[in-house]
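Worksheet: the structure to be examined is printed underneath.
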Amino acid sequence: MKFTDLRSDTVTLPTDEMRQAMASAVVGDDVYEDDPTVSRLEALSAELTGFEAALFVPSGTMANQLAIMVHTKRGDEIIVGENSHIVAHEVGAAAILAGVNYRIVSNPDDTIRGKDIVANYREDDIHCPDTGLVCTENALANGTVVPLNIMKDAYLAAKTHNLPLHLDGARLFNAAVHLKVDPKEITQYCDSAMFALSKGLCSPIGSILCGSSLFIKKARKYRKLLGGGMRQAGILAAAGLISLEKMTKRLYQDHENARYLAGLLSELPHITLDLDKVHINMVFFKMTKPNFNHPAFAAGLLEKGIKINPGDTGGYRFVTHNDISCGDIDCVVEVISSLIG
């Protein structure tokens with residue numbers, strides 16, 4: 001059975017071109033920094049984001065945690081959003097690896113603004129931890145994109161207090177497509193940034209951490225400490241090069257498909273969603289039918305070859321990507337319509 005997988009854009013399969021490039025990649029030992037394909041990927045990543053250097057790492061979580069480890073000292077506090085990936089989906093790693101505390105910002109739209117940094121900054125006090133870092137996101141985990149003026153406002157506030165600002169840009173290129181800007185216009189408002197190759201960009205593995213040359217030198221050593229030093233990693237980096245050179249240019253299709261999906265879902269009974277919040281390739285909606293059987297709904301979709309994440313609280317997230325077509329979306333909506341009645 002062919003499955004239509006809407007759980008995430010992490011389920012994307014590498015393209016045939018990626019598989020061929022991986023098979024023929026020129027490789028070396030990346031711990032010795034002599035893998036030419038990894039070096040090409042890191043140089044291109046730095047160029048596209050406007051940083052001095054970049055580091056290829058196995059995952060986005062590792063990239064974020066490396067940034068926290070480099071920017072902070074043990075016992076520091078980091079200003080971070082309540083629903084951010086770092087807080088909600090990284091297993092409390094910042095406390096374990098960097099030994100830092102979270103200073104949580106809770107805004108209805110999940111943004112962090114300059115006033116939030118000012119309000120949460122710790123002045124020099126013997127009783128208080130030091131504020132060591134601000135962590136922002138773009139695109140946000142809720143699928144919306146932060147406008148540049150808000151990013152600038154947060155960055156300037158951080159600089160007022162001499163705080164570094166790290167950007168979790170897992171879907172940085174999606175955000176750039178939505179804003180119709182070069183990625184460098186987003187990353188100008190941070191001191192380090194990461195982005196994922198293994199989400200909408202279709203690489204099988206990997207993320208990139210970007211920053212100054214000194215920052216990346218420190219991050220490279222911490223990567224080794226965490227067991228992330230890879231050897232002939234050029235086999236993976238070859239796919240990453242295609243992600244950056246080609247797959248970034250088709251992301252608008254995923255956004256269009258998400259809006260198409262959202263439009264069709266909004267016409268169904270018992271479904272509520274905000275079309276204005278469909279910024280990238282994510283569609284969030286709620287099922288409002290009384291006493292709706294959510295496990296049965298997911299099971300019914302799976303029986304028809306449609307994979308989704310559970311929506312036990314009534315909320316669902318469907319994600320479009322390279323392996324989802326308009327025809328797939330039509331079939332999905334038809335099945336949903338039959339299941340909700």
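Atom set for the values below is all heavy atoms of this structure, side chains included, hydrogens, waters and symmetry mates excluded. Since the structure is predicted, the reported quantities are computational estimates derived from the model, not experimental observations. Sequence positions, counted from 1, serve as the residue numbers for this chain.
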Item to complete: Could you tell me whether D116 and R113 have a side-chain N and a carboxylate O separated by less than 4.0 Å?
Response: no
Discussion item. Quick test of your reading: applying salt bridge (Lys or Arg N to Asp or Glu O under 4.0 Å), list the pairs with at least one residue in residues 15-30, sequence neighbours left out, ordered by first then second residue.
Written reply: E17-K246, D29-R231, D30-R223
Discussion item. Are C331 and D328 packed together at the side-chain level, in the sense that at least one heavy-atom pair is separated by less than 4.5 angstrom?
Written reply: no
Item to complete: Please name the pair of heavy atoms, one in I186 and one in V181, separated by the smallest distance, quoted to 0.1 Å.
Response: CG1-CG2, 4.1 Å
Practice prompt. May I ask you to test the M194-C210 pair for a side-chain heavy-atom distance under 4.5 Å?
Written response: no
Item to complete: Would you check if the side chain of E82 reaches a backbone N or O of N107 as a donor-acceptor pair within less than 3.5 Å?
Response: no
Fill in: Ion pair R220/E42, N-O distance below 4.0 Å
yes
Item to complete: State whether D153 and K115 are salt-bridged, where the test is any N-O pair (Lys NZ or Arg NE/NH1/NH2 against Asp/Glu carboxylate O) under 4.0 Å.
Response: no
Discussion item. When you measure from the side chain of R103 to the backbone of N120, do you find a donor-acceptor pair of N or O atoms at a distance under 3.5 Å?
Written reply: yes
Discussion item. How close do F215 and S192 get, counting heavy atoms only, and between which atoms?
Written reply: CZ-CB, 3.6 Å
Worksheet item: Are V105 and V146 connected in the hydrophobic side-chain network, where two residues link if heavy atoms are under 4.5 Å apart?
Response: yes
Worksheet item: Do the side chain of S207 and the main chain of G60 share a donor and acceptor less than 3.5 angstrom apart?
Response: yes
Item to complete: Check for a donor-acceptor pair, side chain of T37 on one end and backbone N or O of A237 on the other, with a separation under 3.5 Å.
Response: no
Discussion item. Angle between ring planes, F292 versus H294, binned at 30° and 60°: parallel, tilted or perpendicular?
Written reply: perpendicular
Worksheet entry | F285 and Y316 aromatic ring geometry - parallel, tilted or perpendicular at 30°/60° bounds | parallel
Response to the item:
Taken to the nearest 0.5 Å, the spacing of N138 CG from L179 CG works out to 6.5 Å
Worksheet item: Hey, does the side chain of T131 reach the backbone of E77 with a donor-acceptor pair shorter than 3.5 angstrom?
Response: no
Discussion item. With rounding to the nearest 0.5 angstrom, report the CG to NZ distance, L55 to K218.
Written reply: 14.5 Å
Practice prompt. Would you check if R171 and V145 make a side-chain contact, meaning some heavy-atom pair closer than 4.5 Å?
Written response: no
Worksheet entry | Pair H166-D191, side-chain donor/acceptor within less than 3.5 Å | no
Worksheet item: Does the S203 side chain pair with the main chain of A239, one donor and one acceptor, at a distance under 3.5 Å?
Response: yes
Worksheet entry | Flag, side chain of K184 to backbone of Q188, donor-acceptor distance under 3.5 Å | no
Worksheet item: Is a side-chain donor or acceptor of E52 paired with a backbone partner of S213 at a separation under 3.5 angstrom?
Response: yes
Discussion item. Do L264 and V332 have side chains that approach each other closer than 4.5 Å (heavy atoms only, starting at C-beta)?
Written reply: no
Worksheet item: Does the cation-pi check pass for K152 over Y189, that is, NZ or CZ under 6.0 Å from the six-membered ring centre and within 45° of its axis?
Response: no
Discussion item. What I'd like to find out is whether the side chain of L265 reaches to under 4.5 Å of the side chain of L261, using heavy atoms alone.
Written reply: yes
With a 3.5 Å cut-off and sequence neighbours excluded, list the donor-acceptor pairs that the side chains of residues 268-277 form with protein atoms.
{"residue": "D274", "atom": "OD1", "partner": "D276", "partner atom": "N", "Å": "3.0"}

Item to complete: Please tell me if the side chains of D323 and V11 come closer than 4.5 Å, counting only heavy atoms from C-beta onward.
Response: no
Worksheet item: Any side-chain heavy atom of H89 sitting closer than 4.5 Å to one from S84?
Response: no
Worksheet item: Do N281 and L251 come close enough that some side-chain heavy atom pair is under 4.5 Å?
Response: no
